[in-house]
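Just follow the structure's listing: the first ligand is 1, and inside any ligand the first atom is 1. Being a predicted model, the structure only gives us computed values, none of them experimental.
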Amino acid sequence: MTQRIAVYPGSFDPLHNGHLDIIQRCRPLFDEVVVAVLRNTSKGKGLFSVEERVEIIDETLNDLDGVRVESFSGLLVHFMEAVGARTIVRGLRAVSDFESEFQMALMNRRLDSRMETVFLTSREEFSYLSSRLVKEVYLLGGDCQGLLPPQVLRRLAR
Ligand code: PNS
């Protein structure tokens, strides 16, 4: 039987509890989930390097079978082809996410019509969370307990 492989792509700088929740909830829907960390981001200098992000996500997902993490550059659909995936998983927080997510889903389908995007709605308690906001709170000395997995908090403390 063909393996149902999904890719959960993102910048993950850093991975926050909203991301983790989406990974845990999408895992049972597929045979394997590949968390894909984007390399060629236009978002400027990151909090963590791509290598550190991959390491942290790997450490955080250690107990979760059927999930692995990789980095990718270039087009997402090319990466998906390379890992044999046909489904893109994205989290949807609020109406404001919808427009850009809709555009990305349509663009990806145009680039490769075999690729489908599946959206999981975020849990209420994480619906306001974004890496950008958490990064800002952290850099300005705010408390990030409960927003970030312990593995990320430990790295930040180093
Ligand atoms: O966490 P983010 O920053 O919202 O994730 C955005 C991401 C990585 C999913 C998106 O930028 C992406 O897929 N980039 C790869 C380049 C690409 O394939 N672009 C064309 C389709 S949108």
- Note on the structure: Taking only non-hydrogen atoms of G74 and a 4.0 Å limit, the atoms of ligand 1 in range are 15 (C), 16 (C)
- Look up atom CG in L76 and atom CE in M107, then write down how far apart they are to the nearest 0.5 Å. 12.5 Å
- Task: Could you tell me whether N108 approaches ligand 1 through its side chain, its backbone, both or neither, with non-hydrogen atoms closer than 4.0 Å?
- Result: side chain
- Query: L76 heavy atoms, cut-off 4.0 Å: which ligand 1 atoms fall inside?
  - Reply: 13 (O), 17 (C), 18 (O)
- Item | Residues R4 and E32 bridged, charged N to O under 4.0 Å | no
- Taken to the nearest 0.5 Å, the spacing of Q151 CD from L15 CG works out to 8.5 Å
- Task: Just go through L38, L75, D13 and tell me whose heavy atom is the nearest to atom 20 (C) of ligand 1.
- Result: L75
- Task: Would you please determine whether S100 falls within less than 4.0 Å of ligand 1 on a heavy-atom basis?
- Result: no
- Message: Regarding S71 and R39, do their side chains bring together a donor and an acceptor under 3.5 Å, going by distance alone?
- Response: yes
Just distance, no hydrogens or angles: give the donor-acceptor pairs under 3.5 Å from side chains in residues 80-91, sequence neighbours left out.
{"residue": "E81", "atom": "OE1", "partner": "R114", "partner atom": "NH1", "Å": "3.4"}
{"residue": "E81", "atom": "OE1", "partner": "R114", "partner atom": "NH2", "Å": "2.4"}
{"residue": "R90", "atom": "NE", "partner": "E101", "partner atom": "OE1", "Å": "2.9"}
{"residue": "R90", "atom": "NE", "partner": "E101", "partner atom": "OE2", "Å": "3.3"}
{"residue": "R90", "atom": "NH1", "partner": "P9", "partner atom": "O", "Å": "2.9"}
{"residue": "R90", "atom": "NH2", "partner": "E101", "partner atom": "OE2", "Å": "2.8"}

- Query: With a 4.0 Å cut-off on heavy atoms, is Q103 touching ligand 1?
  - Reply: no
